[in-house]
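Note on naming: letters A, B, ... go to the chains in the order of the sequence lines (proteins, then strands), and numbering restarts at 1 for each one.
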Amino acid sequence: MGIRVRFAPSPTGDLHIGSVRTALYNFLHARHEKGTFVLRIEDTDQKRNKEEALKGIVDGLQWCGLHWDEGPIFQSDRLDVYSRYAKKIEESGRAYWRDDPGKGRALVFRIDREKIAWDDLVHGPSARDISLDPDLVLVKSDSFPTYNFACVIDDHEMNISHVLRGDEHLANTPKQISLYRALGWEPPRFGHMPLIMDPDGEKLSKRKIEKYHGIGLPVIVEECRALGYLPEAIVNFVALLGWSPGGDLELMTLDEMIEKFTADRIGTTPARFLVDKLLWMNGIYIRKCPIDRLVELTRPYIESTYGPQPVEKLREAVRQQQERIKRLDELPALTKFAFAPKIEYDAKAVAKWLTADGGRAILGDLRAELSELRAFDKAAVESVLTRVMEKHKTKLGNVAQPLRVAVTGGTVSPPIHDTLAILGRETVLARIDEALKL
RNA sequence: GCCCCCAUCGUCUAGCGGUCUAGGACACGGCCCUCUCAAGGCCGGGACACGGGUUCGAGUCCCGUUGGGGGCACCA
């Protein structure tokens with residue numbers, strides 16, 4: 001029988017990068033072992049649950065390609081199960097009711113007063129003495145189970161064999177093991193992985209989202225998507241934050257990660273999440289992306305800025321920019337010359353390439369030759385550039401740049417023949433005329 | 001305060017006692033390519049926190065110090 005693992009988020013907020021990694025490692029572990037990946041929603045905090053959060057989690061996981069085999073199972077649907085076990089533990093004498101003047105009556109578990117040991121999948125042999133720890137609340141005064149209670153019941157009932165979770169749970173584990181013992185159950189194997197840190201070296205925090213935003217650090221999956229990161233880049237990058245297949249291998253598909261993943265290769269050192277390498281990796285995946293898919297992915301960015309576009313033109317624009325962008329949201333700015341009806345001329349560019357050093361003369365010659373071209377294609381355009389270049393006894397750059405400035409307004413664009421091709425003869429000539437008047 | 005975790009280039013990491021004058025990637029600098037910007041190629045600077053052990057031999061094992069992080073809820 002295969003192993004069973006779970007990802008068990010609480011629907012209290014957005015799916016962030018740390019959760020993605022937890023989900024990913026559990027997913028990889030399940031797939032590597034040909035086991036089952038369960039999605040369980042830990043919605044036992046009535047006050048903090050948020051309606052939209054669930055959708056964000058579900059959509060985010062699917063966008064990342066982390067598909068689950070069972071679930072989502074909601075703990076709020078299983079309250080009768082928890083109360084049955086609560087009664088059982090109470091009857092066994094291991095739990096007692098405690099009154100709190102403010103909060104009300106809660107069922108409390110007498111933890112083992114001893115040192116609890118377990119073999120951690122990441123840290124190896126581990127132990128912690130909980131004899132001085134406070135007892136564990138199982139049932140809150142609103143009659144909902146606590147995390148530590150519901151988690152143990154569910155992991156057992158769902159036959160979860162391996163639990164990979166963050167180091168923040170390290171203190172819970174011995175108490176949970178104590179609960180397993182009281183119920184006469186075999187605990188699953190636990191593995192605790194180090195937290196993901198922000199650039200300041202602190203745990204990623206919802207409270208610092210504004211700050212992260214300022215430095216271009218996407219911590220929410222939805223934000224990653226909006227900024228134009230590809231899921232394969234996010235997943236690949238996040239996988240490497242705390243795990244390595246060994247050796248020099250870094251760029252991996254999900255399938256390759258599944259093949260290579262073992263929990264004992266999860267590191268013990270907290271990793272900082274800096275955006276540089278993610279950006280680079282996203283560029284890699286953008287360049288790898290088949291053009292048809294890339295067109296569909298980028299269409300919203302362009303059309304929300306410039307309105308509906310013919311697919312051929314869209315495709316050509318994307319083709320031209322594919323190796324130049326690191327994020328899809330860079331596209332509108334880079335393709336402005338192609339899609340905006342009106343361009344603005346950059347004063348510095350005009351001064352350098354048009355006003356000075358006979359740029360106008362060159363541009364005039366180009367205009368004359370281009371207007372007489374029968375076929376406005378790459379070969380024809382290049383022959384024009386060459387002729388003008390030779391006539392003026394200069395370098396190609398001194399011909400291409402004035403032309404580039406004239407038709408795009410600036411000094412940066414795809415290769416000049418591509419730039420002209422996407423604009424078409426009419427626009428090119430009109431813009432040259434406009435530039436000649438500057 | 002108490003408990004716990006962690007410690008290799010700026011960052012992500014490889015390294016599981018000798019093959020380490022410590023490898024790769026990102027970032028950075030230089031060069032090449034070149035009509036601009038990218039992409040790509042080549043080269044370069046850059047790390048085993050510190051102190052004790054153990055051992056013939058330590059980045060690798062043990063202890064301590066320092067530093068960083070996490071946890072101490074009727075949150076998960």
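Of all nucleotides listed (B/C37, B/U13, B/A7), B/U13 comes nearest to the side chain of A/S244. Closest to the side chain of A/K140, out of B/U36, B/G24, B/C75, is B/C75. The side chain of A/S10 has B/A76 as its nearest neighbour among B/G23, B/A76, B/U36.
Between A/K391 and A/D365, at least one side-chain N (NZ, or NE/NH1/NH2) sits under 4.0 Å from a carboxylate O, which counts as a salt bridge. The pair A/K313-A/E316 does not count as a salt bridge, with every side-chain nitrogen at least 4.0 angstrom from each carboxylate oxygen.
On the P atoms, B/G18 is 11 Å away from B/C61, given to the nearest whole Å. Between B/G10 and B/G45, the distance separating the two P atoms is 15 Å to the nearest Å. For the P atom pair drawn from B/G44 and B/A49, the interatomic distance equals 25 Å after rounding to whole Å. For the C1' atoms, the distance linking B/C20 with B/C2 amounts to 41 Å, nearest Å.
The aromatic ring centroids of A/Y147 and A/H169 lie less than 6.0 Å from each other. Within the 6.0 Å centre-distance limit, the rings of A/F237 and A/F273 are counted as a close aromatic pair. Ring centroids of A/W185 and A/Y85 are separated by less than 6.0 Å, placing the two rings close together.
Relative ring orientation between A/F261 and A/Y25 is described as tilted, the plane-to-plane angle lying within the 30° to 60° band.
Counted by atom type alone, A/S178 and A/R110 present zero donor-acceptor pairs between their side chains at under 3.5 Å.
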Between the protein and nucleotides 27-35 of chain B, which nitrogen or oxygen pairs are less than 3.5 angstrom apart?
{"from": "B/C35", "atom 1": "O2", "to": "A/R404", "atom 2": "NH1", "distance (Å)": "2.9"}
{"from": "B/C35", "atom 1": "O2", "to": "A/R404", "atom 2": "NH2", "distance (Å)": "2.9"}
{"from": "B/C35", "atom 1": "N3", "to": "A/I416", "atom 2": "N", "distance (Å)": "3.2"}

Find every protein N or O atom lying less than 3.5 Å from an N or O atom of nucleotides 68-72 of chain B, and list the pairs.
{"from": "B/G70", "atom 1": "OP1", "to": "A/K203", "atom 2": "N", "distance (Å)": "3.3"}
{"from": "B/G71", "atom 1": "OP1", "to": "A/K203", "atom 2": "NZ", "distance (Å)": "2.8"}

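By the side-chain contact (heavy atoms from CB on, under 4.5 Å) test, A/S92 is found to be paired with A/I89, A/R94, residues two or more places apart in sequence or in another chain being considered.
Distances shown here put a side-chain N or O of A/T269 below 4.0 Å from the OP1 or OP2 atom of B/A7. At the phosphate of B/A7, OP1 or OP2 sits under 4.0 Å from a side-chain N or O atom of A/T268.
Annotation: proximity of residues 115-131 of chain A to RNA chain B (heavy atom, distance under 4.0 Å) is found for A/H123, A/R128, numbered in ascending order. Within residues 256-265 of chain A, the residues that place at least one heavy atom under 4.0 Å from RNA chain B are, in residue-number order, A/R265. Contact check of residues 82-101 of chain A against RNA chain B (heavy atom, cut-off under 4.0 Å) returns A/R98, A/D100.
Remark: B/C2 base-pairs with B/G71; criterion is Watson-Crick or G-U wobble with both hydrogen-bond distances under 3.5 Å.
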